[in-house]
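A, B, ... follow the sequence lines: proteins, then strands. Residue 1 opens every chain. Bear in mind the structure is a predicted one, so any value in this text is a computation, not a measurement.
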Amino acid sequence: MTPTFPPVFAPSTGAIPRLRRALSRARGVLIGSAATLLLTAVSVAQTTTSGPPTLPVPPAAAAPPDDGQWMMPAKNYAATRYSELDQINGSNVKDLRVEFTFSMGVNRGQEAAPIIVKNTMYVVDAYPNYVFALDLSQSGAPLKWQYAPEPEAASQGVACCDVVNRGGVFFDGKFIFNTLDGNTIALDAETGKPVWRTKLADISVGESITMAPLVVKGKVLVGDSGGEFGVRGWLAALDAGTGKLAWKAFHTGPDKDVLIGSDFKPFYPSDQGQDLGVKSWPPDAWKIGGGTMWGWIAYDPDLNLIYNGTANPGPWNQEQRPGDNKWTAGIFARDPDTGGAKWFYQFNPHDEHDYDGINEIVLLDLPVNGQMRKVLLHPDRNGYLYMIDRVTGEVIAADAYGYVNSITGIDLKTGRPTINPDKATKLGAVVRDICPTASGAKDWEPSAFSPRTGFLYIPHENLCMDWENVEANYIAGTPYVGANVVMKPGPGGNRGFLTAWDVANHRPAWRIKEDLPVWSGALVTAADLVFYGTMDGWFKALDARTGELKWQFRTGSGIVGQPVAYRGPDGREYVAILSGVGGWAGAIVAGNLDPRDPTGALGFVGAMPDLKRKTTAGGMLYVFALPPS
Amino acid sequence: MSSRSPRPDHAQRAAALVVVLSLAVAGCNQQNSDIANLPASEGGPQNVAVTGLFPAGGVPPPEDPRDKLYDGDAHAINEGQRLFERYNCVGCHFHGAGGIGPALLGADPWRYGGRIDQIFQTIYRGRPNGMPAWAGTIPEAEIWEIAAYVRSLDKAASDKPIPTEPPPPAAGPSPPSAAAN
């Protein structure tokens, strides 16, 4: 079959049909070859625009000017993870050094983004989810307060992929975060005293919470984890002042539970119809069908819409749930005031490879065929980077950003992926070399976008897997999976990439191979530096335009965190990252798993037997700066 | 579902238990004779220590006599393997590597003891950091069989080499790495 890995500098498969249509309309000619098409496209671009092409930009209302703080994990509602700070640059980054460290006291996967507001840094630990506030105005950033939420210890038994936490958020004098056992807690940011605590998830049915909340218009948005436990996924909104539930939207079941009403206008016919969250499942299967929300949310204030993905359907064994399994493995646009759904698009109808849809969503405005479009970018687990009209839910382009053989392309007319039948999963048969893995061409680790380069910096994986369906048996509070999976390195053997994706041109500008999966988020700054970490503990700075390695520092453990940049009280620029290997990819070390059984940790152990000799468990905050001048 | 219905082997095992227990009972305390009064598949081990520290000259409690019936028994191990999947143990521990729950192959030392009666107790009572309590859900004879299977995993792994390199990569086109402008 034809590989769908795009060669560098070739036009995307997603862009070709649209260009072809546009060109046909414009010139009344049929373009035969991709090479001719590329040349013609360039000349069309030159004749229809004056001056250099406009780079994509985040909508101003969702990405306000940088005030030097970092108040939410994704930096802003557009989720660019772009810092306007530029003191640390390509020339002086070689002098970057550790300014202070802080031990998290827990040696599990540290996935949280440090949050910096008014000279205080807030960090959330992996389970048991301690929160630490550090005083940045004093030398060495001493502890200002700490808070122990005391989650139920049993919650560790329903956390599919290490006991991680993706961080908290600052809003209106409060630091708000979630606990593994399903509580959302608001602390007084000055004192660390709890203001409110709301229990949202129930571990007895397999629910937990690992995501970072987002506050939109005074509402705290929180979703559940537990897609491997037969839960029914949801997104909830709490009043940020009181913690009271404002609305809760389920991701399976009848329309009234999903908050689908008369103003729900999905773009594609396959998402139109009544109660599809029931009808696209075998009887009652939607009640234990997954579709959780443990990832990222973006918000467009101009459109007054929030965007969030939904996770995999359950069980993984697809033969137990014929149908499209709405509304799993897709993306919702909702009104943040009411939770009402405006549109939905399903990346993976009837997902059969655990391709969750919860990866980051980055909001951008850019010209498409000469017209400015409001889009969102979403690099999905299935290996395709989607460019979607965020007003309507129309897929504008879908380009493979990693090696994919489970899907041969995305049909832009129907929005549906074309499934490769050779990689369909079966009961009692081992289907070999499915690419990408259940963990995807990328997982939760968020990308960063620079308006200076127009590149999306995608930290991701290069893994394939063998998969055998087995019968899944539902017992509340226990795993509901039904698959034996063994992962392995993808083509070429390197298990990770940092890809700089040229958004406007639908192609990689450059990419860095990493031996291990890249499980850390990315940060890009106005000085054109990209920061990310590796699972063996290197924290790296690359030239954002070329990918050249400019600086690296070996931290104490593997990095699976989210780098951030901020301006300290002394006016200097700082870069912060948590070190502490874990998460799904690092579970072999964080959980001390045994590689003699490659099916461990849902198959990830198979791909990572060497991690134990490349890093050890840890949990440490590192903050870097240039020496004071 | 046959897992809750009595099987002939249970009767045989009950008979064997009587023999074992009558041997053990002679110099034994009241607790063991209490166990002897129970059917083979009822009542977990009464005295399972999960520590090696016994202050003031204390001694470890005796092994549960049923250990010998199940430990290493091929039929119990086979049944245990089936039940390990049936009750979703495999969803957390996989085939011994661990994942959500700890490894069962030896990479991770036994936290609450690796003797079969200690494993029984871990399954029966649950443990604080995520191990569910299965008492009342899984019949006790089946817990013994699962415990026998878990023990067998550890034993079988002991002479297997521990891989330290990733497997060969899947076939397919490898993309170029850094291709600067």
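Between B/Pro167 and A/Gly606, the closest heavy-atom pair is CD-O, 3.1 Å. The minimum heavy-atom distance linking B/Ala107 with A/Lys612 is given by the pair CB-NZ, 3.9 Å. Nearest heavy atom pair, residue A/Pro489 against residue B/Pro166, reads CG-CB, 4.0 Å. Scanning both residues, A/Pro595 and B/Ile162, for their nearest heavy atoms gives CG-CG2, 3.7 Å. Shortest non-hydrogen contact noted between A/Pro491 and B/Gly172 is CB-O, 3.3 Å. Contact between B/His95 and A/Thr599 at its shortest, heavy atoms only, is ND1-OG1, 2.8 Å.
For a residue to count as touching a neighbouring chain, one of its non-hydrogen atoms must lie under 4.5 Å from one of that chain's; by this rule A/Leu602 touches chain B with backbone and side chain alike. The contact between A/Arg596 and chain B is made by backbone and side chain atoms together, counting heavy-atom distances below 4.5 Å. For chain B, no part of A/Arg432 is nearby; none of its heavy atoms comes within less than 4.5 Å. Interface remark: A/Ser155 contributes no atoms to any contact with chain B (heavy atom separation under 4.5 Å). Heavy-atom distances place the backbone of A/Ala607, and not its side chain, under 4.5 Å from chain B. Only the side chain of A/Phe229 comes within contact range of chain B, with heavy atoms under 4.5 Å apart. When heavy atoms are compared at a cutoff of 4.5 Å, A/Met487 approaches chain B solely by way of its backbone atoms N, CA, C and O. Contact annotation for B/Ala171: only backbone heavy atoms (N, CA, C, O) come within less than 4.5 Å of a heavy atom of chain A.
Between chain B and the options A/Glu471, A/Glu228, A/Arg613, A/Lys614, the largest number of non-hydrogen pairs under 4.5 Å is found for A/Arg613. Heavy-atom pairs under 4.5 Å with chain A peak, among B/Asp108, B/Leu104, B/Asn129, B/Val90, at B/Asn129. In terms of non-hydrogen atom pairs under 4.5 Å with chain A, the most contact-rich of B/Cys92, B/Cys89, B/Pro169, B/Ala170 is B/Ala170. Across B/Gly106, B/Pro102, B/Pro132, the residue that shares the most heavy-atom pairs under 4.5 angstrom with chain A is B/Gly106. The most heavy-atom pairs under 4.5 Å with chain B, out of A/Ile588, A/Asp433, A/Asn473, come from A/Asn473. Interface check for chain A: of the options B/Gly98, B/Gly91, B/Ala103, the most heavy-atom pairs under 4.5 Å are formed by B/Gly98. Between chain B and the options A/Ala601, A/Gly492, A/Gly603, the largest number of non-hydrogen pairs under 4.5 Å is found for A/Ala601.
Residues A/Thr478 and B/Tyr87 fail the side-chain proximity criterion, which asks for heavy atoms closer than 4.5 Å. Between A/Asn484 and B/Phe94, the closest side-chain pair of non-hydrogen atoms is not below 4.5 Å.
More than 12 heavy atoms of other residues, nucleotides or ligands sit less than 6.0 Å from atom NZ of B/Lys155.
For the atom pair CD1 of B/Ile138 and CD1 of A/Ile475, the computed distance is 7.0 Å after rounding to the nearest 0.5 Å. The distance from atom CG of A/Asp597 to atom NE2 of B/His93, rounded to the nearest 0.5 Å, is 12.0 Å.
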